[in-house]
Undergrad: 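Got a structure for you, questions after.
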There are 2 protein chains.
Amino acid sequence: MAEPKSRARRGVERSEILDAAFNLFASTGEQGFSIRKLAAALGVDPMTVLHHFGSKEELLRAIADRALRDIEMPVSTSDWQSDLKAVANAYRTLAHRHPLVFPLHFRYNATGPTDHISSEVVYCALRQAGLADADVAGLGLAFYAFVLGFALAEAEGLLRPIGPSDEAELEGLEPETYKATRSLIPALKTLDPDAAFDNSINVFILGVAALAAGRPESASHKSKVGFATH
Amino acid sequence: MAEPKSRARRGVERSEILDAAFNLFASTGEQGFSIRKLAAALGVDPMTVLHHFGSKEELLRAIADRALRDIEMPVSTSDWQSDLKAVANAYRTLAHRHPLVFPLHFRYNATGPTDHISSEVVYCALRQAGLADADVAGLGLAFYAFVLGFALAEAEGLLRPIGPSDEAELEGLEPETYKATRSLIPALKTLDPDAAFDNSINVFILGVAALAAGRPESASHKSKVGFATH
DNA sequence: GAGTATTCTCTACAGTGTAGAAGTCAAGGG
DNA sequence: CCCTTGACTTCTACACTGTAGAGAATACTC
């Protein structure tokens, strides 16, 4: 996988292509992206691109991975709560920085975080919180679904105060059946994305803490070792 | 939008096409789906399809919407916790029933729940939990990101006990930096999807409850009316 | 019936990803 | 030096995509 046996300008070319691909995708999104356009931008034959990356699928995967290079993942500390917040914020930063690439990252990495570095931090944090192994495994995934889903929604422009057109749509709903929705319109108009995000992570953290407190001392499962905090 | 002014067999044809489109998509996924294949299956010209649905994009949207028809959305009760669980389970059921269509639903509806019926239930539940309007608005979105992201991960096959190949990959990680991940392997091998899902929703609920408890009496915002439970 | 609105089909075009053959060039051995 | 070898690039070609535009077919109103 890594690098078969390079010759000529193999290594250079590949990263060059990847950079160009990333930039093209980042500026035009999936719609405007094609191997042929990329090749044209590079002044190269389309098949050259396909020679370095076996297929479009692989190229997209590489783009999604490359996105991670632009953010720095936190490392574990002794404070699991701020560790989780740090990881969450790292992904949110990614979504902010490359909103068009983020859906790609989501597609390939929500479905299995290849990104072991950050999941290590998450697992570690959940352990520190006092959860049993089985809970850690399940909630680790939940944390990803949560954070990535949220960041995706934000990248796609949902997590903004609603505009006049949305408001009009909500106003048009049946008052009887949509009481709560309609009365929330003012709050939706003044929604603060940062606050909403922080708040949501907080809810997760509070929930984890409550769960840990409710199952005292954990270790009800056959976890190999104690593996305390650090 | 609804139906301009039908004539001939407009209504019939359209739903017929939509059904066929849904079935095709549900059985072959996005890869195997194309307007031309759909038309061929219907024994009709591709352009006919495009005449009823203005573009492929619109057709996909219609398919995503149609998916919701196959699940029944709960209505609000006096128990906000089980209301949230019910909504979450409804989407999970959807993901289970049509795993190939679910990503589509996610793409179009994670980015703005057109699905007002279920969000009404969610908003109502969060209100009942005792949250202020601003929190309700933000956490409503968080709930969706959470549930949909989780269900998506499951639909795409992530939320399963890891197999031998994944295990091998994890075993290959550096023992020093990936302590937590590696020691979680046994738990990941015996992961129970149902339990993980329930557990995750529980964490959300526990967190909401804790947040509500921490900000006593809410109503710090200019919410129009008291709008109690029902 | 005639006229008209509506739906369907045909043809055509600009794109797409990619298989396979052919070309191009650098390095190494005779 | 030439000639083979092998990686890298390009050319050509194919099957396939969504969809614009003109035309043919159909049904409805009068």
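Note on naming: letters A, B, ... go to the chains in the order of the sequence lines (proteins, then strands), and numbering restarts at 1 for each one. Note that these values count all heavy atoms, side chains included, but never hydrogens, waters or copies made by symmetry.
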Undergrad: Determine whether a donor-acceptor pair (N or O, by modelled atom type, separation under 3.5 Å) exists between the side chain of N199(A) and the backbone of A195(A).
TA: no
Undergrad: Short of 4.0 Å, heavy atom to strand atom, which residues of residues 32-44 of chain B count as contacting DNA chain C?
TA: R36(B), V44(B)
Undergrad: Restricting to salt bridge (Lys or Arg N to Asp or Glu O under 4.0 Å), what partner residues turn up for D198(A), sequence neighbours left out?
TA: none
Undergrad: Can you tell me how far P of dA22(D) sits from CG of L50(B), to the nearest Å?
TA: 17 Å
Undergrad: Distance-only check: which donor-acceptor pairs under 3.5 Å involve side-chain atoms of residues 170-177 of chain B, not counting sequence neighbours?
TA:
{"unit_1": "E174(B)", "atom_1": "OE1", "unit_2": "T177(B)", "atom_2": "OG1", "d": "3.3"}

Undergrad: Does E30(A) have any salt bridge (Lys or Arg N to Asp or Glu O under 4.0 Å) partners at least two apart in sequence or in another chain, and if so, which?
TA: R107(A)
Undergrad: Return the value, rounded to whole Å, for the distance between atom CZ of F53(A) and atom P of dT18(C).
TA: 13 Å
Undergrad: So does H52(B) get a side-chain nitrogen or oxygen closer than 4.0 Å to the phosphate oxygens (OP1/OP2) of dC8(C)?
TA: yes
Undergrad: Go through dT17(D), dT10(D), dT9(C) for me and flag the one nearest to the K56(B) side chain.
TA: dT17(D)
Undergrad: So H51(A) and I17(A), do their side chains get closer than 4.5 Å, heavy atoms only?
TA: no
Undergrad: Classify the angle between the aromatic ring planes of F106(A) and F102(A) as parallel (below 30°), tilted (30 to 60°) or perpendicular (above 60°).
TA: tilted
Undergrad: Let me know the distance between CD of E58(B) and P of dT19(D), rounded to the nearest Å.
TA: 10 Å
Undergrad: Which whole-number value in Å describes the distance from R14(B) CZ to dC8(C) P?
TA: 13 Å
Undergrad: Side chains of S183(A) and Y123(B): is there a donor and an acceptor less than 3.5 Å apart?
TA: no
Undergrad: Please report the distance, rounded to the nearest Å, between CD in Q31(B) and P in dT16(C).
TA: 18 Å
Undergrad: Nearest whole angstrom, please: distance from the C1' of dT19(D) to the CE of M47(B).
TA: 5 Å
Undergrad: For residues 35-50 of chain B, tabulate all N or O donor-acceptor pairs below 3.5 Å that involve a side-chain atom, not counting sequence neighbours.
TA:
{"unit_1": "K37(B)", "atom_1": "NZ", "unit_2": "G32(B)", "atom_2": "O", "d": "3.4"}
{"unit_1": "D45(B)", "atom_1": "OD1", "unit_2": "M47(B)", "atom_2": "N", "d": "2.8"}
{"unit_1": "T48(B)", "atom_1": "OG1", "unit_2": "D45(B)", "atom_2": "O", "d": "3.4"}

Undergrad: How many Å lie between CD1 on I17(B) and P on dT7(C), as a whole number?
TA: 11 Å
Undergrad: Nearest to the H51(A) side chain among dA20(D), dG18(D), dT9(D), which nucleotide is it?
TA: dT9(D)
Undergrad: In residues 18-27 of chain B, which ones come under 4.0 Å of DNA chain C, going by heavy atoms?
TA: none
Undergrad: Can you find a pair of side-chain heavy atoms, one from T190(A) and one from P161(A), that are under 4.5 Å apart?
TA: no
Undergrad: Rounded to the Å, how far apart are L59(A) CG and dT16(C) P?
TA: 14 Å
